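Heads up: the structure comes next, in structure tokens.
All values reported here derive from a predicted model rather than from experimental measurement. Any value given below was found using the heavy atoms of this structure, including those in side chains, with hydrogens, waters and symmetry copies removed. Each ligand, and each atom within it, is numbered from 1 in the order the structure gives.
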Amino acid sequence: MSTPAFCIQPDSASLAYAAADAFDAAAMRATEARGMFTVAVSGGSTPKAMLLLLATPTFASRVNWAKVEIYFVDERCVPPEHADSNYKMANDTLLSQVPIPPGNVHRMRGEIDPNEAAIEYGRMLKARFGDGGVDQLWLGMGDDGHTASLFPYSPAVKETHHRCVAQHVPKSTTGDSWRITMTAPFINRAKEVIVLLAGAGKAERLNEVLYGLRDPERLPIQLIQPASRNMVWMLDAEAARLVKH
Ligand code: 6PG
């Protein structure tokens, strides 16, 4: 991996605060410079605290939400009102609480045929970004080294062309399920990639990902190497226990 940058916080509360701050700072920079901020968010438990904070008046008032476009890194193939839906999590915590125009929220349609939904999303990304990527993209990492819905040894890990694919994952965090996911080639076009990790459970795997042998089929997060070289690992002290810095 290219020289990693770390932002290490003492606990999960300060991590969420630092993450919300990084979101707001990027939103303010991009809207001032280009009149628009495009950001992609992941599912899972870690981003929840950040999204909740972003909805609070202190953070929410700093952002011109009319100029923010939200994209999804991945989605579980369930309807948008299902408890497993990444869209539902983002909507309940943040999107329903801030004045973002509905047309600026680009969700993956988990309720339709997964392959069709992936093709539709990929076309939309191509139309909006051409050969480029989003301004800021947030990832998590599963205990097995997956990121987005790029699971170990799954076909999506080998994808080199499409921006978005669907796949059946027998052992995902939501059990045997279908997922839609942005691919590493598209993720790597983001101007900034931030990996948000909290908790002791992440420390050993992170150590292997950062300092072990390169084996992206087994550790898909090793595929994440943005062309911008702008990648930050935002960690709490427990997740950062084995990080050399
Ligand atoms: C998802 C994800 C996934 C997630 C990791 C980490 O939809 O499940 O986007 O890649 O980010 O599994 O999840 P936690 O934050 O819950 O550990």
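Results of the side-chain contact (heavy atoms from CB on, under 4.5 Å) test with Trp233 over Val243, Leu197, Leu196 single out Leu197 as the only residue that passes. Partner of Arg76 under the side-chain hydrogen bond (donor to acceptor under 3.5 Å, both in side chains) criterion, chosen from Asn86, Asp84, Thr174: Asn86.
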Would you mind writing out the side-chain donor-acceptor pairs for residues 36-47 within the sub-3.5 Å range, not counting sequence neighbours?
{"residue": "Thr38", "atom": "OG1", "partner": "Asp135", "partner atom": "N", "Å": "2.9"}
{"residue": "Thr38", "atom": "OG1", "partner": "Asp135", "partner atom": "OD2", "Å": "3.2"}
{"residue": "Ser42", "atom": "OG", "partner": "Trp138", "partner atom": "O", "Å": "2.6"}

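In this structure, Tyr71 has its ring center closer than 6.0 angstrom to the ring center of Phe129.
Of the N and O atoms on the side chains of Thr58 and Thr56, not one donor lies less than 3.5 Å from an acceptor on the other residue.
With hydrogens and angles disregarded, a donor-acceptor distance shorter than 3.5 Å links the side chain of Thr183 to the backbone of His162.
When heavy-atom distances to ligand 1 are checked against 4.0 Å, the residues falling inside are Ser42, Gly43, Gly44, Ser45, Thr46, Asp74, Arg76, Asn86, Gly140, Met141, Gly142, His146, Thr147, Ala148, Thr173, Arg179, Lys202, ordered by chain and number.
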